[in-house]
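Data block below; observations after.
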Amino acid sequence: MKMTGAKAIVESLIQEGVDTVFGYPGGAIMPLYDALYDYQDKVKHILVRHEQGASHAAEGYARAAGKVGVAIATSGPGATNLVTGIADAMLDSVPIVCITGQVPAQFLGTDAFQETDVIGITMPITKWNYQVTKAEEIPGILAKAFFIANSGRPGPVVVDITKNAQFDELDFNYKKVTSIPSIEVLPDPSEEDLAEAAELINSSSKPLLFVGHGVLISKAEEALRNFVEKSGVPAASTLLGLSAFPTDHKNYVGMLGMHGNYGPNVLTNQADLIIAVGMRFDDRVTGNLASYAKQAKIIHVDIDPAEINKNVTVDVALVCEAKKALEGLLPLVEENSHSDWFSNFKKCAEEEQAKVISSDLKPKNADKISMGQTINLLSQKTSGNAIVVPDVGQHQMMSARYYKFKKSNSFISSGGLGTMGFSLPAAFGAKVGAPDREVLAIIGDGSFQMTLQELATIRQENVGVKIIILNNNYLGMVRQWQEMFFDKRYSFVHMDNPDFVKISDGFGIPAARVNASAELEAAVDKMLNTDGPYLLEVVVEKEENVFPMVPSGESVANIRLE
């Protein structure tokens with residue numbers, strides 16, 4: 001079938017099952033936008049207000065829907081504005097395909113209007129990127145792009161397409177890519193490795209299992225639960241592993257990391273075995289590597305061989321999908337309860353409850369509102385079933401700590417890159433990807449002002465995201481560090497904020513502000529009972545800190561409760 005390259009792009013997207021794209025038009029991508037005009041019944045295009053919003057929305061969509069997200073931008077500044085979202089997707093293993101326009105091939109390298117070296121810029125932050133200069137390349141390259149984005153350890157792919165390739169004609173023939181010779185297909189875990197891992201598990205008296213994002217990516221939640229219930233091991237979650245294992249399960253002992261729970265952090269250095277599933281031993285989990293878990297044997301399950309022994313030397317490596325490893329181990333592990341070991345976690349939990357949690361869940365001043373109190377109430381009102389999309393900062397850690405996840409795939413946040421401004425576009429992308437679920441965008445006042453223009457996108461599409469701004473008039477996490485480690489020298493962290501309710505009203509989104517603890521529940525009820533989008537500004541205590549905390553560069557055993 002003869003067609004233009006621009007039309008071939010859209011037809012290729014349809015062949016890959018794409019029904020929604022996020023983008024912003026411009027000169028070098030205009031032929032594609034002209035082609036999209038004729039496909040509005042098949043491919044929904046959501047017009048963002050900034051290209052960064054497109055890449056974050058594609059991330060949110062991908063994580064909520066379990067499909068490859070797609071972002072589109074023009075050349076030059078359009079493409080460079082996608083970069084933060086691309087880097088974010090790379091670090092958090094999110095499959096997105098970004099299609100960028102480029103100047104005509106004959107002008108490449110001439111510093112033509114809105115020309116940038118998109119391939120050079122994005123090479124370090126993509127799984128693969130490619131510049132298309134001829135129309136006939138388009139179907140094959142896009143098929144390869146979708147395969148690479150979603151295969152193995154998922155991640156972002158950039159396809160840069162020159163304007164002439166969009167205008168020129170080709171004979172369209174699309175064939176999905178199911179394998180690439182240069183990409184090694186990982187074998188199932190060997191019987192020997194499984195047996196060795198099972199032997200370590202069965203002989204352990206103090207095992208501790210780490211639940212990472214890879215459990216969610218490989219849809220291994222049921223396999224994980226079966227494994228934990230038979231082996232009896234305590235299970236702790238990384239930040240991005242949250243919701244892969246129910247927070248109310250008797251074997252769940254909390255979250256790992258710098259602001260995680262006391263027990264799983266401090267007892268990491270007492271465990272005799274660590275079973276790490278689908279996580280990469282990030283520095284926010286390990287603290288000082290020189291003193292990290294030196295007493296423990298380590299089993300590491302990860303689909304990416306590059307992660308094995310990268311940060312922590314392991315005793316048994318199972319390089320495969322988390323689901324395959326857990327299913328392979330299940331018949332080999334013995335039933336156990338580890339009741340004596342669990343008593344240590346119980347003591348730690350009681351201490352954390354007394355010193356941290358009880359004060360977090362109520363404000364110091366009875367008339368004020370605390371962050372923990374707000375998150376706890378949101379959890380109760382949504383029965384732990386919402387998709388929670390926090391931004392980055394204190395509110396992110398409070399969301400992770402006090403929302404009680406009952407349903408899988410319910411925590412979407414920027415982990416590895418720590419991108420302020422992520423939440424608002426990612427939340428509407430998540431709502432588009434999972435329209436039947438409640439989506440809560442929980443945002444700090446600083447983060448909100450980085451991408452607040454996407455309120456216009458939310459209103460235009462009438463995406464029913466509930467936006468909660470926790471406003472303390474500070475860049476809260478930076479202020480906490482300055483308080484603790486820089487002698488309270490609050491250098492450029494105070495914020496004189498605009499009226500967020502008026503801003504939301506200007507965008508046509510109903511909004512309210514709540515200042516007093518006694519008014520919080522009614523305000524949350526009104527938000528949740530309002531059809532469509534809604535913004536609730538919660539004015540919280542100004543100098544609230546997040547504890548526990550592992551100070552940067554210190555051992556996880558030195559986690560502080562105050």
Side-chain angles (χ1 to χ4, degrees), residues 1-18 21 23 25-39 42-43 45 54-55 58 68-76 78-80 82-83 86 95-110 112 114-151 155-183:
M1 187 188 304
K2 276 276 188 186
M3 63 179 67
T4 64
K7 186 174 180 180
I9 297 170
V10 187
E11 289 285 353
S12 298
L13 295 177
I14 292 170
Q15 290 291 324
E16 290 292 341
V18 174
V21 298
I29 199 68
M30 209 172 293
L32 171 56
Y33 271 83
D34 183 66
L36 280 167
Y37 188 86
D38 295 325
Y39 287 87
K42 293 182 180 180
V43 179
H45 178 277
S55 51
V68 177
V70 177
I72 301 173
T74 193
S75 64
T80 60
L82 291 175
V83 165
I86 295 168
I96 63 172
V97 170
C98 295
I99 298 171
T100 57
Q102 186 53 275
V103 301
Q106 65 267 33
F107 294 123
L108 288 172
T110 68
Q114 291 192 331
E115 181 193 3
T116 55
D117 182 4
V118 176
I119 298 302
I121 290 169
T122 61
M123 189 175 293
I125 54 170
T126 52
K127 283 188 72 178
W128 183 65
N129 63 11
Y130 188 88
Q131 186 173 77
V132 173
T133 59
K134 298 177 181 178
E136 56 263 30
E137 294 181 287
I138 287 171
I141 292 302
L142 285 176
K144 188 175 179 180
F146 276 86
F147 174 78
I148 291 174
N150 211 27
S151 64
V157 170
V158 168
V159 180
D160 192 45
I161 307 179
T162 59
K163 196 169 184 178
N164 63 286
Q166 299 172 56
F167 273 127
D168 292 344
E169 288 195 336
L170 71 153
D171 290 313
F172 182 78
N173 180 34
Y174 198 84
K175 185 178 180 182
K176 277 194 176 186
V177 172
T178 56
S179 66
I180 295 175
S182 60
I183 297 179

With a sphere of 6.0 Å drawn around NZ of Lys2, does it hold more than 12 non-hydrogen atoms of other residues, nucleotides or ligands?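 Enclosed: over 12 neighbouring heavy atoms sit under 6.0 Å from NZ of Lys2.
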
Approximate separation, where rounding is to 0.5 Å, of [X] [atom1] and [Y] [atom2]:
X      : Y      : atom1 : atom2 : result
Ile99  : Leu82  : CD1   : CG    : 11.0 Å
Glu136 : Ile141 : CD    : CD1   : 11.0 Å
Gln166 : Ile29  : CD    : CD1   : 4.5 Å
Ile86  : Thr122 : CD1   : OG1   : 6.0 Å
Gln102 : Gln114 : CD    : CD    : 10.0 Å
Ile161 : Lys134 : CD1   : NZ    : 15.5 Å

Give the minimum heavy-atom separation between [X] and [Y], together with the two atoms involved.
X      : Y      : result
Pro95  : Ala149 : CB-O, 3.3 Å
Asn129 : Val118 : ND2-O, 4.5 Å
Thr178 : Phe147 : O-CE1, 3.2 Å
Ala165 : Ala135 : O-CB, 3.3 Å
Lys175 : Ala143 : O-CB, 3.5 Å
Ala28  : Ser75  : CB-OG, 3.4 Å

Does some side-chain heavy atom of [Y] sit less than 4.5 Å from a side-chain heavy atom of [X]?
X      : Y      : answer
Glu16  : Val70  : no
Ile96  : Cys98  : yes
Lys163 : Pro31  : yes
Leu13  : Phe146 : yes
Ile121 : Thr80  : yes
Tyr130 : Lys144 : no
Val68  : Val18  : no

What's the verdict on side-chain contact (heavy atoms from CB on, under 4.5 Å) for Tyr39 and Lys7, showing C-alpha distance, side-chain angles and the deciding distance? CA-CA 9 Å; Tyr39 287 87; Lys7 186 174 180 180; 2.8 Å; yes

Checking the side chain of [X] only, and the main-chain atoms of [Y] only, is there a donor and an acceptor separated by less than 3.5 Å?
X      : Y      : answer
Lys127 : Ser151 : yes
Asn164 : Pro104 : no
Thr74  : Thr100 : no

Who pairs with Pro139 by side-chain contact (heavy atoms from CB on, under 4.5 Å), at least two apart in sequence or on another chain?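 Residues passing side-chain contact (heavy atoms from CB on, under 4.5 Å) with Pro139: Ser12, Leu170, Phe172, Tyr174.
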
